[in-house]
Amino acid sequence: MQPESHNSNPDKHWFTLQLLKPYRKQLFFGFLSLLIVDVLDVLPPIIIKTAVDSVENGPGTKRLYYCGLILVSAAVIQSFFRFLWRRYFLGTSHKAVYDLRKMLFSHLLKLPFHYFSRTRTGDIMSKLTNDLQEIRFMLGIGLLIMLDASFYLLTIPFIMLYMSSRLTLITLVSLVFIPILVFSVSRAIHNRSKDVQARLSDLSSQSEENISGIRIIKGFRCEESELKKFNRVGLEFVRDKIRLANVDSIFHPALDLVIAASMVILMLFGGKMVIAGEITLGVFIAFQAYLLKLSWPMMAIGWVINLYQRAMASLERCLQILIEPPADEHKRKPPVNFENLGLEVENLCFCYPDNEKPALKNVSFSLPQGKTLGITGPAGCGKTTLLRLLVNLFDVSSGSIKIGGHDIAELDQQQLRSLFSMVSQETFLFSETIRENILFARENKIDADLAESYARKAGLEPDLKEFPEKLETMLGERGVNLSGGQKQRVSLARAMAADRPFLLLDDCTSAVDTETEKEILYGLKEAGKQRTCIIVSHRMVSLQNADQIIYLVDGQIAESGTHRQLLELKGHYAKTWERQRLKEELERGLS
């Protein structure tokens, strides 16, 4: 189930019904169980009336026994069916919200790359946890209370009218203020609930950001300033939470006041009617019991309104994810049979959204299958952008990228991505074992020998010997218990283990020393003899054995050729090579 359109907000009520639609059968049995419980719950006042009237009219011991037996039997039957309605209603709410959570997560995986660059992780996490919990309350206990309260409101007043129409009209007149009260506060609850959930998202984002960057915070001794930021966001959350609580604190006592007024009216007018003989004592006692039972649905109205408005506010926030249009990459296209996997880039231009300056301009080159391309240049020249365009994380502004003669824009994107394995600058590792991280893209994730072989090729073997659990070492969040160089090598092993035709390396050896880098490059050469490699690096030594090297300046190819050809040009590449060579010799001399 998906919203009808990605361009407009779907109706929240229609969407809620669609969530519950697969569980019609369970809800029907839940409603049936609730109906039996409620029918048995409205009988006791009538039975008590009968017992009191029988005592008042004369000896009626046998009738009292019957009344007691009926009350006990009703309580036993109610207990069994209460268990059933709890199981059906509350169980259904958990299942429906699980479906919604799965739907949200599945849609998130289909959203384009730029959605996550403009959306805070904490905001997404808040929607997947706190907002879904509010929706679950509405679909479970909220729906149950609404049906329960509706039954009492549709039955008890008619029973009271049957016993005494005059007393019913007198005692229930004060209850007309309840709809007015509900209408006056419902919009306030809705708006303030949205504010609370938004502040909770801010709090989640701040917490997630601080915990992820705890090393930076401690390194710069900025604990106090970050604590002040957290306190500021926390106080905003408390402020909005109190504003919402203020509405509740007025609403519920007001309901209690209306109900208390009804009880006072019953005592005054009902007592006089008993003395005057217009009604029996049993009717008066039954009226009092029914009025108390009516107090529950009256209070339940406030609770349901509160749950409903909070849930609708949360559902609006969740639908903000579902109405985001998915990337075109998830529109399946017929697979292509490639005769070769040569790469051709022609007049490639690209400009990031909301940025007037182009990141790439008229970039053209060709790379035969199995060859290695090196890309270098100053910071911000478009090296990483070029790799992102190759795997179609962004659509090109103009020009084309072709693999085996096929434009990647026309290819099925899942097939396209299956051709590439990539090591990015921002290393990300999962909170799993080193073995599971290395074999992440493999179907067989338990082959320790295979993982070890790729760890060796990535230059990770000496580090593994230092870990007590070797490959089975469990990593912390984002690999926090590894050094920068170790994380890069695990990522490189993961990319090589994927065993795909194209290997993209985005400055993946920046955190290792020169000697270790040479070992890694040698292992890479041995592992990728039939693989097309594209290596982005600011270190020229990483690129000197590449079949072709391009030097980018301001998003354009300034120089292109082999290592020897570029040195002979005595241009940008040659000057940078000489500068790095002198720096390395100086560092070697100082050491």
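Just so it is clear, the values below take in all heavy atoms, side chains as well, and ignore hydrogens, waters and symmetry mates.
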Can you list, pair by pair, the side-chain donor-acceptor contacts under 3.5 Å of residues 568-577, counting residues two or more places apart and other chains?
residue, atom, partner, partner atom, Å
Tyr573, OH, His563, ND1, 2.8
Thr576, OG1, Tyr551, OH, 3.4
Thr576, OG1, His572, O, 2.9

Inter-residue atom distance [X].[atom1] - [Y].[atom2], 0.5 Å rounding:
X: Phe105; Y: Ile124; atom1: CZ; atom2: CD1; answer: 10.5 Å
X: Ile434; Y: Thr473; atom1: CD1; atom2: OG1; answer: 4.5 Å
X: Asp506; Y: Ser491; atom1: CG; atom2: OG; answer: 11.5 Å
X: Ser93; Y: Leu19; atom1: OG; atom2: CG; answer: 11.5 Å
X: Arg388; Y: Leu360; atom1: CZ; atom2: CG; answer: 11.5 Å
X: Asp99; Y: Lys21; atom1: CG; atom2: NZ; answer: 14.0 Å

Taking atom CZ as the centre, does Phe440 end up with more than 12 heavy-atom neighbours from other residues, nucleotides or ligands that are less than 6.0 angstrom away? no

What residues form a side chain to side chain donor-acceptor pair (under 3.5 Å) with [X], not counting sequence neighbours?
X: Thr433; answer: Glu436
X: Asp447; answer: none
X: Ser314; answer: Asp131
X: Arg101; answer: none

Return the minimal non-hydrogen interatomic distance between [X] and [Y], and the atom names on each side.
X: Leu132; Y: Cys318; result: CD2-SG, 4.0 Å
X: Asp554; Y: Lys361; result: O-CE, 3.4 Å
X: Thr372; Y: Asp547; result: N-OD2, 2.7 Å
X: Ser364; Y: Asn347; result: OG-N, 2.7 Å
X: Ala497; Y: Leu439; result: CB-CD2, 4.5 Å
X: Leu504; Y: Leu387; result: CD1-O, 4.2 Å

Does a side-chain heavy-atom distance below 4.5 Å link [X] with [Y]?
X: Asn392; Y: Ile401; result: no
X: Leu492; Y: Met496; result: yes
X: Leu389; Y: Val345; result: no

Return the set of residues passing salt bridge (Lys or Arg N to Asp or Glu O under 4.0 Å) with Glu578 (not counting sequence neighbours), or none when no residue passes. Arg581

With sequence neighbours excluded, tell me which residues meet salt bridge (Lys or Arg N to Asp or Glu O under 4.0 Å) with Lys127. Asp123

Side chain to side chain contact (heavy atoms under 4.5 Å, CB included) evaluation trace for Leu104 with Leu322: CA-CA 7 Å; Leu104 287 168; Leu322 294 177; 3.7 Å; yes

Determine whether a donor-acceptor pair (N or O, by modelled atom type, separation under 3.5 Å) exists between the side chain of [X] and the backbone of [Y].
X: Thr376; Y: Ser537; result: yes
X: Ser453; Y: Leu450; result: yes
X: Lys383; Y: Gly377; result: yes

If you apply the rule side chain to side chain contact (heavy atoms under 4.5 Å, CB included), what do you find for Arg435 with Ile446, and how did you get there? CA-CA 8 Å; Arg435 169 181 53 79; Ile446 61 174; 4.1 Å; yes

Contacts of [X] that satisfy side-chain contact (heavy atoms from CB on, under 4.5 Å) - sequence neighbours left out:
X: Arg500; value: Ser421, Ala441, Ala498
X: Phe502; value: Leu341, Leu343, Ile403, Leu419, Phe420, Thr532
X: Ser400; value: Glu346, Lys402, Asp407
X: Gln565; value: Thr562

Pairs flagged by ring-ring contact (aromatic ring centres under 6.0 Å, His included) wherever residues 380-407 is involved - sequence neighbours left out: Phe113-Phe394, Phe338-His406, Phe350-Phe394, Tyr352-Phe394

Under the side chain to side chain contact (heavy atoms under 4.5 Å, CB included) criterion, do Leu315 and Leu319 qualify, and how do the steps go? CA-CA 6 Å; Leu315 187 57; Leu319 288 174; 4.2 Å; yes

Audit row: Phe137, Gln133, side chain to side chain contact (heavy atoms under 4.5 Å, CB included) steps and yes/no: CA-CA 6 Å; Phe137 285 156; Gln133 182 172 305; 3.7 Å; yes

